[in-house]
Structures are given as structure tokens and as C-alpha cells.
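For reference, the structure discussed in these notes is given below.
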Amino acid sequence: MLQLFNTMSRSKETFTPLNGKEVRLYSCGPTVYNNAHIGNLSTYVVVDLFKRYLSYRGYSLLHVMNLTDVDDKTIRASRNEGVPLAELTQRYTAGFMKDLESLNIGHADNYTAATEHIDDMISLIETLVEKGFAYESEGSVYYKIAMFPEYGKLAGLDLEGMLDGARVDNDEYAKESARDFALWKAWTEEDGDVFWESSWGRGRPGWHVECSAMAMKYLGETFDVHTGAVDLIFPHHQNEIAQSEAATGKPYVKYWLHREFLNIGGSKMAKSTGNMSTLSEIGRTPADIKAFRYLVVATHYRTGLNFTEEVLEAAKSTMRRLTNLLDRLETVDSSGGAAQVSDSIVRTRQLFIEHMDDDLNTARAVADMFELVQETEGWLSQGALTTESATALYDFFQELNQVLGIFYTLPEEEGEVSLSEDLADLIQRREQARKNRDWSEADQLRDELLAEGIAIKDTAKGTEWERV
RNA sequence: GGCGGCAUAGCCAAGUGGCUAAGGCACAGGAUUGCAAAUCCUUGAUCCCCGGUUCGAAUCCGGGUGCCGCCUCCA
């Protein structure tokens with residue numbers, strides 16, 4: 001039985017979807033005003049891993065992810081650049097999709113853009129006003145948190161303690177209480193041509209209401225799983241609960257999954273402070289990008305990951321070993337091996353599932369895989385595999401890869417089967433030097449190739465190269 | 001000020017009462033190689049500190065120290 005840590009109960013719970021084997025899942029997506037940083041992306045890798053595991057275990061999925069394409073930051077960025085809002089958000093949406101592809105993240109069934117669901121948000125806000133959970137003030141509409149007794153529960157905060165905290169926003173004179181949050185923001189001059197008409201006048205929706213409206217539209221008033229990173233627990237997800245449950249009178253979400261932060265230099269990444277890296281900054285080669293995916297996958301999602309160049313290099317080494325193993329399995333051609341691989345495969349599968357079932361304990365699940373990796377390496381070096389047993393092992397590693405998603409080919413790798421003439425020529429000259437036993441010449445050429453990013457290895461089958 | 005998390009070998013990271021404390025990376029020694037790469041073999045920690053509970057604790061309790069996060073836009 002799959003156990004998941006539910007933020008609401010702060011404990012692991014047996015996962016039982018509302019409707020049999022169907023899982024309805026909502027993930028808070030990006031605000032598309034900038035390139036995503038690797039912290040953002042790591043959260044989507046975790047969601048992808050979760051989805052893959054659910055599929056592996058026979059669940060069917062309906063997954064919705066929002067794209068926040070109107071808010072303070074998108075408007076500010078579009079003003080700063082002097083481009084229309086839609087142009088800006090389309091550009092970064094495209095960038096986001098490319099990052100997802102680079103990281104082998106499967107698509108959601110629906111990416112819902114906020115600007116295409118303004119009517120849904122307005123009607124949700126109207127319901128909240130009618131029911132007395134929200135009030136209009138100076139053209140804006142605010143949620144009255146005093147009306148929602150369980151406000152703060154998701155984050156383990158109690159209202160009184162929060163009010164003592166003193167760090168409240170004093171700019172919002174229009175609100176009855178400093179903690180009330182905006183559902184609808186009245187148009188201001190900075191918004192330019194970004195506004196929608198409503199019964200409260202021109203304006204735009206608040207951020208929190210966007211997720212409630214779109215999640216419920218596509219997944220129903222109560223759905224199974226809602227994901228995000230830990231920073232969204234409060235206030236964003238708490239506000240979603242307050243809005244949705246006040247409007248429907250029903251529970252909003254059954255399981256809340258939150259990913260711990262990925263840090264850089266020991267502290268959190270944030271676009272606002274500049275302490276961040278994008279995928280293209282850390283991923284100069286396909287190997288870097290795939291190593292990043294491995295790194296995220298192999299670390300437990302509720303454990304913080306401190307990203308450094310060093311851990312990325314370690315992940316690259318690990319991936320080299322794994323891809324090397326798959327290559328070796330593919331080339332086994334023997335009928336005389338004696339290894340009994342099926343018991344090992346069955347045992348590994350069982351352990352893998354047992355550990356993934358434990359709140360997606362990928363650290364252990366990957367270790368389980370490595371037990372078999374080590375065993376397989378032993379068989380290979382002893383020549384103990386038949387073609388059939390090698391294929392069985394290869395297929396099983398691909399089976400695990402259905403969940404882990406670490407073995408894949410990036411678009412830019414497709415055309416990598418040949419080298420430029422210059423580089424091919426260098427390799428030829430080195431081959432000649434080696435035939436002549438001119439080792440110093442050969443070694444020098446090897447260094448030149450390495451400087452061009454080409455690593456050379458002389459194998460029994462001849463000289464091979466790869467980009468590093 | 002309030003709330004929460006973490007501290008395990010050089011680095012990353014499992015394990016939450018009991019066999020020899022998983023796994024990965026790095027390093028070192030050996031085999032192989034023209035030299036490398038790859039591959040194969042071998043080697044490392046008593047678990048932040050102090051006290052307590054227990055036959056027995058990395059694992060539970062109390063205290064301390066350090067780091068991180070949330071309470072405000074934020075994956």
C-alpha cells in the first residue's frame with residue numbers, strides 16, 4: 001500500500017483515491033515572467049516522479065497544472081520590457097515547456113492559463129461574497145479570514161500567534177484585517193491595459209483564487225492530491241482551502257504533498273534575491289541536465305537538497321556508470337552464461353516497490369537498484385550472462401526507468417552520431433600515431449580533443465569518443 | 001517573538017530500539033592498459049555535545065550547540 005506524507009495531518013497516510021484507481025491531481029505551476037530556476041524545476045521533477053509511480057502501480061491520472069500569466073510580477077516585467085503581457089508570458093511559457101522536456105517530465109493533461117479562466121474566478125468570488133466570506137472595498141474584494149475558523153491549520157499556525165507577529169502588511173488600508181487577502185484587485189495605473197470588467201469594476205484576480213477556480217473546474221470540488229513546494233503551504237495553499245471550502249462547503253483536497261526546498265549555497269533560491277540558477281546555467285551538456293534529474297530523483301523529496309557543482313558532478317559519474325551498464329547489457333552475445341537473473345529481478349522489484357510505497361523513498365529505491373547493478377556488473381565481468389538473461393536485465397532496468405525517468409535522449413543529442421571533420425581528423429591522426437607507437441603524439445592529440453570536449457577511450461573494439 | 005525541520009564516513013544520503021550502521025560519489029592500494037578511460041578486486045564512520053530511560057539507542061526522553069525554513073510575493 002502506498003503511504004504518503006500528508007501535510008495536513010503531518011503524518012504518513014495510506015493513499016486511497018476518492019474514486020477507485022483514478023487520481024485527480026493539481027500542481028501549482030510557474031508564474032511565467034522569467035526563466036524557471038532549478039528549484040522550481042526540481043518540484044516538477046518530483047511531481048513527475050509521483051505521477052510515474054502512480055502509473056506504474058496501475059492508477060490512472062488526471063493532472064492539471066496552472067500557469068500564472070497575470071499578477072504583479074508578470075505585469076511589472078511586461079512594463080519594464082515594454083512588451084505586451086501576453087507576449088511576455090508566452091515567451092516564458094515556451095521556455096518552461098522546453099525545460100520540462102529537457103528533464104523528461106511528462107506533460108499534464110491540461111495547463112490552465114489564468115487569463116483564460118477569469119470568468120470562473122469572478123463567479124467563485126461572487127459566491128464567496130454572497131456567502132459572506134468576502135467583502136468589497138474600494139473596488140477590490142478581500143477574503144475575510146475571521147470567517148474561516150480553521151485558517152492556519154495546514155501550516156500549523158494559529159491566528160492569535162500570527163497576529164502577534166507584527167510582520168503584517170500595513171499598506172493595505174482598505175482591508176478590515178491585515179491578514180485578509182485579495183481575491184480581486186482593483187485596477188491601478190500601473191496595470192495599464194491589463195484588466196477585466198467585473199461587478200466591482202475593472203480589475204484582475206488575486207493569485208490564490210486562480211488555483212481554487214481552475215482546480216475545481218477541471219477536477220471537481222473535492223479532488224485527490226495537490227502538490228507544490230513547502231513555501232506554498234502558507235499562505236497560498238491555506239488560502240485555496242479557505243476559498244474553496246467556504247464556497248462549496250466540501251473538503252477541497254484529500255492529500256497535500258509538499259516538496260522540501262532545493263538550496264544553493266546553503267540557502268533558498270529565489271528569483272527576487274538573485275540567488276538562483278536556471279537549467280541552462282547549470283546544464284551546459286545533456287549529461288549535466290540528466291545528472292540534475294538523477295540528483296533530484298535520487299534524493300527524498302521531503303529532504304532538502306543543497307545543490308552544488310560537486311553533487312552534480314557526483315550525479316554525472318553515477319549516470320555514466322548506469323548508462324555504461326545498459327550499453328554493456330545490450331552487447332552481450334552468449335548462450336553459455338549460468339547466472340540466474342530472474343530471482344534477483346523479482347527481489348529487486350519487490351524491494352523497489354516496498355520502498356517507493358513508503359512515501360516515495362527514492363533514496364532506498366535507488367539503492368535497491370544499485371544492489372542489482374552491482375550484481376549485474378559482476379555477471380558481466382565473469383561472462384555469466386546469456387543474451388536472454390542480459391535482455392531480461394536490460395528490460396528490468398527500463399522498467400525501473402518508467403518510474404525514475406533517468407535514461408532518456410535529449411533532442412540535442414539526436415544528431416550526435418557524427419563529429420565535425422576537424423575533430424574526426426584529429427581522431428584519425430591519433431589513430432595513426434598509435435599505430436606508429438608514437439605515444440607522446442597520440443597523448444597530445446587526445447588532450448587537444450579533450451579541450452574540444454571530446455573524451456577518447458580505447459576499447460577492445462576500437463577507439464570510441466563521447467562529449468563531456 | 002511564534003511555529004517547524006535538520007545534524008550519520010572527504011562529499012551526498014538511507015536507517016527511528018537489537019544481526020557486521022544501506023546505497024551513490026570521491027580518494028587510496030592492487031589487476032588490466034603503451035599511458036589513460038572503462039572494467040574487476042580491496043580498504044573507511046559507533047551516528048553534533050551532555051545527561052537520562054532500557055538487558056540493549058544513531059534510533060526514545062530532557063538539556064545544550066549549530067544550520068535551515070515558515071509566519072510577507074516565492075517551487
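As the structure is a computational prediction, the values presented were derived from the model and not from experiment.
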Output the single nucleotide from [options] whose closest atom is nearest the side chain of [X].
| X | options | value |
| --- | --- | --- |
| A:K457 | B:C70, B:A37, B:G34 | B:A37 |
| A:R10 | B:A75, B:C12, B:G4 | B:G4 |
| A:H300 | B:A14, B:C68, B:C71 | B:A14 |

Output one letter per nucleotide in nucleotides 21-33 of chain B: B when a protein non-hydrogen atom lies under 4.0 Å from the base, S when only the sugar-phosphate is that close, - when neither is.
-BSSSS-------
Going by heavy atoms in the side chains, are A:E13 and A:S9 under 4.5 Å from each other?
yes
How long is the line joining [atom1] of [X] and [atom2] of [N], in whole Å?
| X | N | atom1 | atom2 | answer |
| --- | --- | --- | --- | --- |
| A:R446 | B:A38 | CZ | C1' | 13 Å |
| A:L232 | B:G4 | CG | P | 21 Å |
| A:I264 | B:C68 | CD1 | P | 15 Å |
| A:E431 | B:G34 | CD | P | 14 Å |

Enumerate donor-acceptor pairs with a distance under 3.5 Å from any side-chain N or O in residues 345-354 of chain A to protein atoms, sequence neighbours excluded.
unit_1 : atom_1 : unit_2 : atom_2 : d
A:T348 : OG1    : A:S344 : O      : 2.7
A:R349 : NE     : A:E399 : OE2    : 2.8
A:R349 : NH2    : A:E399 : OE1    : 2.9

Taking pairing as Watson-Crick or G-U wobble with both contacts under 3.5 Å, can you name the mate of B:A45, or confirm there isn't one?
none
For B:U65 versus B:A28, give the span between their C1' atoms, rounded off to a whole number of Å.
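To the nearest whole Å, 35 Å.
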